[in-house]
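Since the structure comes first, as structure tokens, the remarks are kept for the end.
What you see below is based on every heavy atom in this structure, not just the backbone, and it leaves out hydrogens, waters and symmetry mates. In this chain, residues are counted from 1 in sequence order. None of these values were measured; they are calculated from a predicted model. Just follow the structure's listing: the first ligand is 1, and inside any ligand the first atom is 1.
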Amino acid sequence: MESVLELDKARTTILKIGGSVITDKNGELAARTEVINRLAEEIQKANMQRLVIVHGGGSFGHPTAQKYGIKEGLREDTQKIGFAETHHVMTVLNGLVMDSLVWHSIPAVSVTPSSCVITENGRIKTFDETVLKRLVDMDFVPVLYGDAVLDEKLGFTVLSGDQLVAYLALKLNVAKIVIGVDTDGLYDADPKTSKNAKLYTRLTLSELEKVKSKLAGSAGVDVTGGMLGKINELIPVIEQGVPVTIVNAAKPNRTYKALIGDKVEGTLLEKE
Ligand code: IP8
């Protein structure tokens, strides 16, 4: 009989890397290539089977999407270049991530959301996961990202990496989710402005619902809702029993430890 450990190995892990980690959100098109490289090293060292990576937009997608009102949908033709630009800058950021992953010998393959997802009022309506699942089965590492996508009702919109993470977690046989952000986890106040902010090390779903309103937003432009948006996406997944570890991916080794299941500073979110 297969042991629990072997069964777990056969299940997928999703790693979300926040845009605030791999870019400087206070700049524009400001990639942190040294952080991207360090994370690629950590992912390589973790040597995971069945891994899916999703990254955010940071100072690439968000300012461009905001400038043209992409999330709110198509209202005038002049926005079309904005849609193209938003998607394009995301492919540029994705290219930097892919470059680093592949040159660290990770068999990463980019899966472009705008080419395989259609949303309806901002929520994923169609997503053919056939290729994605095959890639995972073949031990490739699919890499997706928040993107400008077509929308049934709005014409187009912005799909967050967090919604993709939650959607995929419910579609794939996911063992756990690791969310890499630029703070040590979830706090009862904004740790960047309040030095008495207390880190939650573990929250059950009912505790999470209670403290949700205290969660800090994100610095810089974020058209998809920052930390609260992230948590709202993750709640249905945690409800299904998938544990979520939020770690500071801007600090060395935390992502690595969370991936391999070592004890790590951060916030663990669990059903109960
Ligand atoms: O940073 C948004 O992805 P997120 C991507 O995961 C764009 O919310 C295009 C703004």
query = Between E42 and R38, is the closest basic N to carboxylate O distance under 4.0 Å?
reply =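 Salt bridge present between R38 and E42.
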query = At a 4.0 Å threshold, what atoms of ligand 1 neighbour a non-hydrogen atom of S160?
reply =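 Counting atoms of ligand 1 from 1, those under 4.0 Å from S160 are 3 (O), 6 (O), 8 (O).
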request  = Using a strict 4.0 Å cut-off to heavy atoms of G56, name the atoms of ligand 1 that fall inside it.
outcome  =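 Once the distances to G56 are compared, the set is 1 (O), 4 (P), 6 (O).
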request  = With sequence neighbours left out, write down each residue that passes side-chain hydrogen bond (donor to acceptor under 3.5 Å, both in side chains) with D262, or none if nothing qualifies.
outcome  =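 Here no residue qualifies.
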task = Ignoring angles and geometry beyond distance, decide whether G57 reaches within less than 3.5 Å of ligand 1 through its nitrogen or oxygen atoms.
result =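 Min N/O separation from ligand 1 is below 3.5 Å for G57.
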ask   = So is there a nitrogen or oxygen of V158 less than 3.5 Å from a nitrogen or oxygen in ligand 1?
value =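 There is no such contact.
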inquiry  = Can you confirm whether or not the ring centre of F127 sits under 6.0 Å from the ring centre of Y167?
reply    =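 Yes; Y167 has its ring centre under 6.0 Å from that of F127.
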inquiry  = In this structure, would V211 and L268 fall into the same cluster of hydrophobic residues linked by side-chain contacts under 4.5 Å?
reply    =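 In one cluster with V211: L268, no.
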query = Sub-3.5 Å donor-acceptor pair from the side chain of Q163 to the main-chain atoms of G122, do we have one?
reply =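 Yes, the answer is positive, given that a donor and an acceptor are paired below the 3.5 Å cut-off.
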message = For atom 1 (O) of ligand 1, tell me which residue out of H62, K71, M90 has the closest non-hydrogen atom.
response =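 Heavy atom nearest to atom 1 (O) of ligand 1 belongs to H62.
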query = Heavy atom under 4.0 Å from ligand 1: found in T86's side chain, backbone, both, or neither?
reply =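 The part of T86 near ligand 1 is the side chain, not the backbone.
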request  = Tell me which part of K16 gets within contact of ligand 1: side chain, backbone, both or neither, using heavy atoms under 4.0 Å.
outcome  =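 Only the side chain of K16 comes within reach of ligand 1.
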Taking only distance into account, with no hydrogens and no angle test, what donor-acceptor pairs under 3.5 Å do side-chain atoms of residues 106-116 form with protein atoms, sequence neighbours excluded?
{"residue": "S110", "atom": "OG", "partner": "N94", "partner atom": "OD1", "Å": "2.7"}
{"residue": "S114", "atom": "OG", "partner": "H87", "partner atom": "ND1", "Å": "3.2"}
{"residue": "S114", "atom": "OG", "partner": "D147", "partner atom": "OD2", "Å": "3.1"}

